[in-house]
Amino acid sequence: MIPESVRIVEVGPRDGLQNEPTALGVPDRVALIRDLAQCGLRHIEAGSFVRADRVPQMAETDRVLARLDHNAGIGYPVLVPNMRGLENALDAGAREIAVFAAASETFSLRNINCSIEQSLERFSAVAEKASSRGIRTRGYISCVLGCPYEGAVPPGSVLEVAKRLSDMGCYEISLGDTIGTGTPNATLALIETVASAIPLDNLAVHFHDTYGQALSNILIALQIGVSVIDSSVAGLGGCPYARGASGNVATEDVVYMLDGMGIRHGIDLDLLITAGRTVCALLDRPVMSRVSLARQSKSSGN
């Protein structure tokens with residue numbers, strides 16, 4: 001059941017950087033994306049078309065897109081929160097967008113100021129227009145294994161949101177453990193429930209490592225047959241709900257595990273480690289990848 005190959009969706013330049021306190025300029029963000037592409041990554045989140053006063057780290061995503069090679073066989077999806085964001089993305093030449101819904105009503109209200117139903121109605125219109133322009137839409141679901149306000153989230157709630165995203169045309173649905181509280185048994189129950197209506201080939205997993213469970217949860221997902229994994233170079237991102245905690249699972253650590261399992265992924269780990277260390281130096285923050293830290297310790301002789 002374990003897939004022979006896995007596609008990694010690199011979320012560092014978007015989901016990672018938007019949760020970092022330091023905002024990088026356009027040249028540094030473009031350099032990061034190009035470095036990641038050189039590593040062999042073929043699906044890299046390039047930014048968000050959100051209000052710059054709310055997410056300054058994602059300001060000028062249009063300029064980032066303009067400096068990328070869109071004919072190199074690499075996808076550069078961008079987050080679009082509403083119709084205005086879609087219009088801006090289209091004007092900037094985006095070829096793929098992403099929309100975010102939540103499985104928790106309270107999280108939806110506090111994070112995007114509308115109910116789950118209202119958000120899905122909004123995204124349905126966005127996805128329909130994107131499709132009419134030949135633009136693919138990827139769907140994300142937040143809080144699939146836990147909510148900072150409501151606690152545990154029933155798998156059935158995630159299933160209902162996933163079905164709505166699928167019905168509106170999302171080609172892939174990423175299940176996000178936003179606060180990193182999920183454990184393997186909960187992950188198993190979640191994926192089995194969602195896969196009862198959504199084909200495994202159309203599912204991805206997006207784990208945060210707040211409680212150190214990300215790789216364990218990814219392993220469970222792989223054993224079930226999921227073959228798309230979201231991750232962030234150097235573990236960029238942090239967790240906004242647990243001060244000082246790690247956030248996105250580090251791409252380097254995922255690649256190392258896949259190597260050990262003999263699963264193909266097409267990524268050069270050494271180049272990836274270098275890219276992670278480079279961006280962390282710009283951000284003046286430590287690398288959160290355990291593989292990168294272990295390699296650094298080994299090379300220094302400690």
Side-chain angles (χ1 to χ4, degrees), residues 1-3 5-9 11 15 43 45 77 79 96-108 111-112 115-124 126-127 136-211 213-231 248-249 254 263:
M1 195 70 171
I2 293 178
S5 63
V6 160
R7 175 165 57 88
I8 291 181
V9 177
V11 302
D15 189 39
H43 210 82
E45 284 192 333
L79 175 64
E96 181 177 333
I97 64 167
V99 295
F100 271 78
S104 157
E105 197 69 58
T106 306
F107 186 88
S108 183
N111 191 48
I112 56 177
S115 68
I116 294 174
E117 180 61 31
Q118 289 170 328
S119 72
L120 291 172
E121 290 176 359
R122 176 192 304 168
F123 297 143
S124 180
V126 168
R136 299 202 309 167
T137 301
R138 190 177 199 242
Y140 288 81
I141 307 178
S142 301
C143 298
V144 298
L145 289 167
C147 168
Y149 312 111
E150 297 180 10
V153 173
S157 298
V158 182
L159 173 60
E160 291 307 309
V161 177
K163 288 194 292 187
R164 293 285 297 277
L165 289 172
S166 178
D167 289 344
M168 70 177 68
C170 291
Y171 77 91
E172 188 169 270
I173 298 167
S174 177
L175 305 174
D177 184 14
T178 307
I179 58 174
T181 56
T183 54
N185 282 353
T187 297
L188 176 62
L190 168 70
I191 297 177
E192 287 181 338
T193 298
V194 177
S196 67
I198 309 296
L200 281 171
D201 288 345
N202 299 114
L203 294 178
V205 290
H206 182 123
F207 289 108
H208 282 221
D209 204 32
T210 315
Y211 288 83
Q213 301 296 298
L215 288 179
S216 298
N217 292 335
I218 289 171
L219 177 60
I220 289 293
L222 290 169
Q223 290 173 337
I224 299 171
V226 173
S227 61
V228 183
I229 301 169
D230 294 359
S231 60
N248 290 303
V249 65
V254 174
I263 299 175

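The backbone N or O of I179 sits less than 3.5 Å from a side-chain atom of T210, completing a donor-acceptor pair. Listed for the S108 side chain is no donor-acceptor partner under 3.5 Å among the backbone atoms of S104. Checking side-chain atoms of E150 against main-chain N and O of T106 turns up a donor-acceptor pair under 3.5 Å. A donor-acceptor pair is defined here as one N or O able to donate and one able to accept, closer than 3.5 Å; such a pair exists between the side chain of N217 and the backbone of G182. No donor-acceptor pair closer than 3.5 Å links the side chain of S166 to the backbone N or O of A162. Within the 3.5 Å criterion, the main-chain N or O of T178 finds a donor-acceptor partner in the side chain of H208. Remark: the backbone N or O of I116 is paired with a side-chain donor or acceptor of E105 at under 3.5 angstrom.
Inter-residue side-chain proximity for I229 and L222 is flagged as met; some heavy-atom pair is nearer than 4.5 Å.
Results of the side chain to side chain contact (heavy atoms under 4.5 Å, CB included) test with R138 over I173, V99, I97, V9 single out V9 as the only residue that passes. Applying side chain to side chain contact (heavy atoms under 4.5 Å, CB included) to I224 and the options L219, L203, L200 leaves one that passes, L200. Here the rule is side chain to side chain contact (heavy atoms under 4.5 Å, CB included) with H206, and of D177, L175, V228, D15 only D15 fits it.
Taking the six-membered ring for Trp and thresholds of 30 and 60 degrees, F107 and Y149 have ring planes inclined between 30 and 60 degrees apart.
Put simply, CD1 on I198 and CG on D167 are 7.0 Å apart, with the number rounded to the nearest 0.5 Å. With rounding to the nearest 0.5 Å, the separation of CZ in F100 from CG in L165 is 11.0 Å. Note: I141 CD1 to E160 CD = 10.5 Å, rounded to the nearest 0.5 Å.
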I2 and I263: CA distance, side-chain angles, deciding distance, side chain to side chain contact (heavy atoms under 4.5 Å, CB included) verdict: CA-CA 9 Å; I2 293 178; I263 299 175; 3.6 Å; yes
Test log, rule side chain to side chain contact (heavy atoms under 4.5 Å, CB included), inputs E172 and N202: CA-CA 5 Å; E172 188 169 270; N202 299 114; 5.6 Å; no
Full working for side chain to side chain contact (heavy atoms under 4.5 Å, CB included) between Y140 and L79: CA-CA 10 Å; Y140 288 81; L79 175 64; 5.7 Å; no
